[in-house]
**Student:** 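One structure follows; several queries about it will come next.
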Amino acid sequence: MTQQTVLVINSGSSSIKYQLVDPAAGTSLASGLVERIGEETGHIEHKFGDVTREIDGPVPDHGDGLRKVLALFDEVGPNLHEAGIVAVGHRVVQGGKFFSGPAIIDEAVEQKIRDLCPLGPLHNPAHLKGIEVARELMSDVPHVAVFDTAFFQSLPDEAATYALNKEVAEKYQIRRYGAHGTSHQFVSGEVARFLDRDDLKQIVLHLGNGASASAVVNGHAVDTSMGLTPLEGLVMGGRTGDIDPAAVFHLVREAKMEISEIDDLFNKQSGLKGLTGDNDMRVVRSRIEAGDADCRLAMDVYVHRLLKYVGAYTAVMGGLDTITFTAGAGENDSDLRRELCARLEYTGLKLDQEKNNVRSKEARVISTPDSTITVLVVPTNEELAIAKQAMTLI
Ligand code: ADP
């Protein structure tokens with residue numbers, strides 16, 4: 001069979017990340033990044049095989065950025081048509097109640113993504129910029145939107161509904177949408193495949209800069225920690241995660257802060273960054289080793305929050321078969337995994353310390369054979385997941 005590939009695009013407000021993926025083989029052929037679009041010092045990096053080509057200079061807008069990327073595919077390779085491109089897959093954070101799976105992008109779908117901007121104000125407008133220029137510049141292949149929220153559209157009402165006034169919630173579409181769904185779906189699917197079992201009660205902990213937990217029963221999500229927006233839930237690099245919403249009223253009344261300032265405070269200046277000054281887990285970890293008390297407390301808060309979600313989701317599912325760690329910190333920080341699992345020993349969970357310390361890019365079990373709960377590390381691969389989902393519509 002000839003190779004079929006998908007160009008996966010993740011368009012941000014001032015960046016475009018891309019990867020050319022062969023979903024059947026599970027491989028990436030080329031990847032790159034356009035940064036600082038609209039600023040004076042733009043930067044483009046394109047990787048193909050052993051070659052990395054970098055371009056510095058202004059990139060006025062997303063259209064210019066993508067044109068330059070397409071020129072790099074021609075110049076450095078691989079030639080997109082020879083590489084068998086059959087679709088472009090676009091990551092879209094907010095799909096609201098409209099999308100419970102991927103969708104071929106036509107005018108109506110593009111309009112729905114636009115209509116959802118108030119629910120995804122940090123992401124959807126930026127995705128639209130990428131979608132608009134990509135559809136124009138690559139009009140000979142279908143474009144597919146893959147939504148971060150789609151996997152969580154099947155949440156039971158009791159998990160998706162906030163105990164907020166019903167009329168207000170309906171009018172303003174306030175409910176739990178979740179996020180990182182593409183990763184939770186991919187990773188929970190990999191766990192089922194790896195253990196060769198579909199009947200699993202799983203908790204997936206996606207611990208990157210953004211962090212979220214999900215509860216998945218037999219392949220279906222039944223709860224997740226992110227809510228109306230990605231702010232809710234776990235402690236993150238720069239986000240508070242769960243906090244009493246009355247903190248907002250208090251800051252408005254006492255500190256006379258504007259809503260936009262509180263938005264920035266909760267979404268960017270809090271979490272690990274707010275507690276320690278650093279949002280990078282590696283830095284926090286090395287400061288703990290040097291005896292830094294702020295970092296130790298931050299880590300304790302981080303693990304305490306994780307522990308509460310694991311307990312809650314175990315109760316929600318009526319049991320627990322697997323806990324899976326994924327994303328930057330989940331895949332790489334063995335201390336974090338050890339600290340959480342130590343707090344769960346009362347359940348009969350036993351971590352294999354040696355396996356936990358192994359560094360690998362492969363999916364692996366890190367608990368002992370007699371552990372009551374199987375603990376795994378499974379690398380997430382959102383680009384591959386998006387490419388695979390796009391292929392289901394081609
Ligand atoms: P995102 O995609 O949300 O930006 P990633 O999944 O790339 O984030 O994860 C970034 C986080 O992973 C950072 O906090 C980073 O410090 C952490 N991380 C990456 N490598 C390691 C490591 N070796 N040890 C501990 N944390 C790590």
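As a basis for the values below, the full set of heavy atoms in this structure was taken, side chains included, without hydrogen atoms, waters or symmetry mates. Whatever order the structure lists them in is the order used to number ligands and atoms, beginning at 1.
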**Student:** For ligand 1, give me the residues whose heavy-atom distance to it is below 4.0 Å, by chain and number please.
**Tutor:** Gly208, Asn209, Gly210, Asn279, Asp280, Met281, Arg282, Ala327, Gly328, Ala329, Asn332, Asp333, Arg359

**Student:** Not counting sequence neighbours, list each pair that qualifies as a side-chain hydrogen bond (donor to acceptor under 3.5 Å, both in side chains) and has a residue in residues 148-160.
**Tutor:** Arg91-Asp148

**Student:** For a quick check under 3.5 Å, do Gln94 and His123 share a side-chain donor-acceptor pair by atom type?
**Tutor:** no

**Student:** Quick check: Phe152 with His184 (ring centres under 6.0 Å apart)?
**Tutor:** yes

**Student:** After noting the C-alpha distance and the side-chain angles of Thr276 and Asp278, does the key distance pass the side chain to side chain donor-acceptor pair (under 3.5 Å) rule?
**Tutor:** CA-CA 5 Å; Thr276 71; Asp278 278 306; 5.0 Å; no

**Student:** With a 4.5 Å cut-off on side-chain heavy atoms, are Val365 and Val375 touching?
**Tutor:** no

**Student:** Is the charged tip of Arg305 near the ring of Tyr302: under 6.0 Å from the six-membered ring centre and within 45° of its axis?
**Tutor:** no

